[in-house]
Amino acid sequence: MKIKEITLRHLKMDLLYPFVTSFGKEKDRDFILVEVKNEDGLTGWAENVAMPTPYYNEETVKTNWHMLEDFLMPLLLNHDFSHPDELSEKLFAHIRGNYMAKASLEMAAWDLYAREQNISLASALGGTKKNIDVGVSIGIKDSIEDTLKVIEQRRSEGYKRFKLKIKPGWDVKLIDKVRKVYPDIPLMADANSAYTLNDMDLLTALDDYNLMMIEQPLAYNDIIDHAELQAKLKTPICLDESIHSLADTQKALKLGSCKIINIKVGRVGGLTEAKKIHDYCMAHNVPVWCGGMLESGIGRAHNIALTSLPNFTLPGDTAGSALYWAEDIIEPEVISESGTITVPDGPGMGYMPRMEKIDKYTLSSKTYR
């Protein structure tokens, strides 16, 4: 296959509600959409998940546009390849880091590949599930009572897992109150690297609350201290920010740094690497789940396809569009019914971009040939 044209669009969409984590508040999503086109005019789409600020990781919207425009797209345009695996394994292999930039171009190629083959993206990846279970991620609220109200609302909608963002000063007291009100819900805590080993007593106190996992409690680039912490915790640690590749996964599991892996396609450089991590974890009986980056429907569509793989045994973050957007940029929108999303079986990602909505939220765009 050969890509003859690539269009980058810079979009900005307001979130329905601010989303607060240990590293700040997000009121909107400022992101890049990638559209690739083949010689026959068939298109593939993907969403770049880099944020405007380097708080989650070092990549940003501006640095990703630069990497795409100046390094990655020149390698891909008019280059013959037979399968999207070749992008990460060969074409982009000599470019270090910049995982989110690489992922957005690779994911668009995957969508195009599936459309050319007239199969779903889930099928192209080897997915087997027809439906996936999903949970919700609940940001830091103004009060514990506000958090409880959100949990009750999402619980009534049937979501299968509840992730609470925590940070120093907003942790044990929160979890304790939630557990008293909801003793049996599947519950986890996500620290986004807000703690250190100096907080060992606080973190081990969370063992009392029957949590599914504690996600990324320590430094964003650490696997050594996490191993020390996991040895003292009954609760599984899940690594997120620390995992960028299959090699990172292998090292973390060998060291005992975690018992669960969160796979975010953008963070690991694309669907090919995500599938490798999935396969390795499945072979070693390590459960995985698909994390979210507050994506629009295009990013969610790729997450749904990935989650159709068999070892995604824990509910992920891919909640319905209506929890985040007044209107989404795909049709149909992503709909969760009783905490379950149907994996689309149409060609490619199975959702169609709504060009009038994409145009509405586009700040700038540029096409490359």
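These numbers come from a predicted model, not from an experiment.
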List the atom of Leu68, the atom of Pro74, and the distance in Å for their closest heavy-atom pair. O-CD, 3.8 Å
Thr340 side chain vs Ser336 backbone, donor-acceptor pair below 3.5 Å: no
Minimum heavy-atom separation for Gly291 and Asn262, please, with both atom names. N-OD1, 3.0 Å
Are the charged groups of Lys167 and Asp171 less than 4.0 angstrom apart, N to O? no
Using the rule that two of Ile, Leu, Val, Met, Phe, Trp, Tyr join whenever any of their side-chain heavy atoms come within less than 4.5 Å, decide whether Val34 and Met51 are in one cluster. no
In Å and rounded to the nearest 0.5 Å, what is the CH2 to CG distance from Trp289 to Asn311? 14.0 Å
Give the C-alpha distance, both sets of side-chain angles, the deciding distance and a yes or no for side-chain hydrogen bond (donor to acceptor under 3.5 Å, both in side chains) between His10 and Asp30. CA-CA 7 Å; His10 181 189; Asp30 192 324; 2.3 Å; yes
Any donor and acceptor pair, going by atom type alone, linking the side chain of Thr43 with main-chain N or O of Val36 inside 3.5 Å? no
Flag for Asn131-Thr342: side-chain donor and acceptor within less than 3.5 Å: yes
Do Glu89 and Lys276 meet the salt-bridge criterion of a basic N to acidic O distance under 4.0 Å? yes
For the side chain of Ser123 and the backbone of Ile119, is there at least one donor-acceptor N/O pair under 3.5 Å apart? no
NZ/NE/NH1/NH2 to OD/OE distance under 4.0 Å, Arg267 and Glu241: no
Starting at OH of Tyr195, measure out to CD1 of Ile214 and round the result to the nearest 0.5 Å. 9.0 Å
Salt bridge or not for Lys234 and Asp207, using N-O below 4.0 Å? no
Electrostatic pair Arg369-Glu5, nearest N-O below 4.0 angstrom: yes
Hey, quick one: are Leu42 and Ile6 part of the same hydrophobic cluster, counting side-chain heavy atoms closer than 4.5 Å, chains of contacts allowed? yes
Between the side chain of Asn38 and the main-chain N/O of Gly41, is any donor-acceptor distance below 3.5 Å? yes
ILVMFWY network linking Ile243 to Leu218, side-chain heavy atoms under 4.5 angstrom: yes
Test your reading of the model: is there a side-chain donor-acceptor pair from His284 to the backbone of Val286, 3.5 Å cut-off? no
Have a look at Cys290 and tell me which of Ile263, Asn303, Leu309, Ile132 forms a side chain to side chain contact (heavy atoms under 4.5 Å, CB included) with it. Asn303
State whether the number of non-hydrogen atoms from other residues, nucleotides or ligands found under 6.0 Å of Lys2 atom NZ is greater than 12. yes
When the ring planes of Phe71 and His66 are compared, do they come out parallel, tilted or perpendicular, using 30° and 60° as the limits? perpendicular
Go through the side-chain N and O atoms of Ser365 and Thr362 and say whether any donor and acceptor fall under 3.5 Å apart. no
Closest non-hydrogen atom pair between Leu255 and Ile224, with its separation: CD1-CD1, 3.9 Å
So OG1 of Thr313 and NZ of Lys129: to nearest 0.5 Å the spacing works out to 7.0 Å
Flag, side chain of Lys37 to backbone of Thr7, donor-acceptor distance under 3.5 Å: no
Counting N and O atoms only, with roles assigned by atom type, does the side chain of Glu86 sit under 3.5 Å from a partner on the main chain of Ser82, one being a donor and the other an acceptor? yes
Closer than 3.5 angstrom, by distance alone: can the side chain of Gln230 be matched with the main-chain N or O of Asp225 as a donor-acceptor pair? no
Between the side chain of Glu116 and the main-chain N/O of Met1, is any donor-acceptor distance below 3.5 Å? no
Do the ring planes of Trp110 and Tyr113 sit parallel (below 30°), tilted (30 to 60°) or perpendicular (above 60°)? perpendicular
Gln216 (side chain) donor-acceptor with Cys238 (main chain) under 3.5 angstrom: no
Going from OG on Ser88 to CD on Glu273, what distance comes out if it is rounded to the nearest 0.5 angstrom? 6.5 Å
Under 6.0 Å from the CG atom of Asp142, do we count more than 12 heavy atoms belonging to anything else shown? no
Trp170 and Met188: same hydrophobic cluster, using ILVMFWY side-chain contacts below 4.5 Å? no
Derivation of the side-chain contact (heavy atoms from CB on, under 4.5 Å) call for Lys366 and Trp65: CA-CA 11 Å; Lys366 189 172 180 180; Trp65 190 291; 4.2 Å; yes
Which atom of Ala319 lies closest to which atom of Val334, heavy atoms considered: O-CG1, 4.1 Å
Does anything in residues 46-55 form a side chain to side chain donor-acceptor pair (under 3.5 Å)? List the pairs, not counting sequence neighbours. Arg29-Glu47, Glu47-Ser296, Asn48-Asn64, Asn48-Ser104
In residues 15-26, what donor-acceptor pairs under 3.5 Å come from side-chain atoms, sequence neighbours left out?
{"unit_1": "Thr21", "atom_1": "OG1", "unit_2": "Phe23", "atom_2": "N", "d": "3.3"}
{"unit_1": "Ser22", "atom_1": "OG", "unit_2": "Ala191", "atom_2": "O", "d": "3.0"}
{"unit_1": "Ser22", "atom_1": "OG", "unit_2": "Asn192", "atom_2": "O", "d": "3.4"}

Salt-bridge criterion met for Asp317 and Arg161 (N-O under 4.0 Å): yes
As an exercise, state the distance from NZ of Lys264 to NE2 of His244, rounded to the nearest 0.5 Å. 10.5 Å
I would like to know whether Glu327 and Tyr361 meet side-chain hydrogen bond (donor to acceptor under 3.5 Å, both in side chains); could you show each step before the answer? CA-CA 11 Å; Glu327 56 184 7; Tyr361 295 110; 2.6 Å; yes
Please report the shortest heavy-atom distance between Ile166 and Ala189, naming the atom on each side. CD1-CB, 3.9 Å
Any chance you could measure Cys258, atom SG, to Leu229, atom CG, to the nearest 0.5 Å? 11.5 Å
Could you check whether Tyr368 and Glu69, counting side-chain N and O atoms only, form a donor-acceptor pair closer than 3.5 Å? yes
Assess the residue pair Tyr56 and Asp240 against the criterion (side-chain contact (heavy atoms from CB on, under 4.5 Å)); give the C-alpha distance rounded to whole Å, side-chain angles, the decisive distance to 0.1 Å, and a yes or no. CA-CA 10 Å; Tyr56 172 80; Asp240 173 3; 2.7 Å; yes
Can you check side-chain contact (heavy atoms from CB on, under 4.5 Å) on Ile32 and Leu11, steps first, answer last? CA-CA 6 Å; Ile32 301 167; Leu11 278 70; over 6 Å; no
Give me the atom names and distance for the closest heavy-atom approach of Leu121 to Asp111. CD1-N, 4.4 Å
Taking atom CG as the centre, does Asp345 end up with more than 12 heavy-atom neighbours from other residues, nucleotides or ligands that are less than 6.0 angstrom away? no
Quick one: salt bridge (Lys or Arg N to Asp or Glu O under 4.0 Å) pairs with a partner in residues 179-195, sequence neighbours left out? Lys163-Asp190, Lys165-Asp190, Asp176-Lys180
Lys259 atom NZ, over 12 foreign heavy atoms within 6.0 Å: yes
Can you find a side-chain donor-acceptor pair between Thr272 and Glu106 that sits under 3.5 Å? yes
How about Tyr182 and Glu152: does a side-chain donor come under 3.5 Å of a side-chain acceptor? yes
So, Lys4 versus Asn78: side-chain donor-acceptor pair below 3.5 Å or not? yes
Full working for side-chain contact (heavy atoms from CB on, under 4.5 Å) between Asn57 and Met100: CA-CA 10 Å; Asn57 69 358; Met100 292 176 174; 3.3 Å; yes
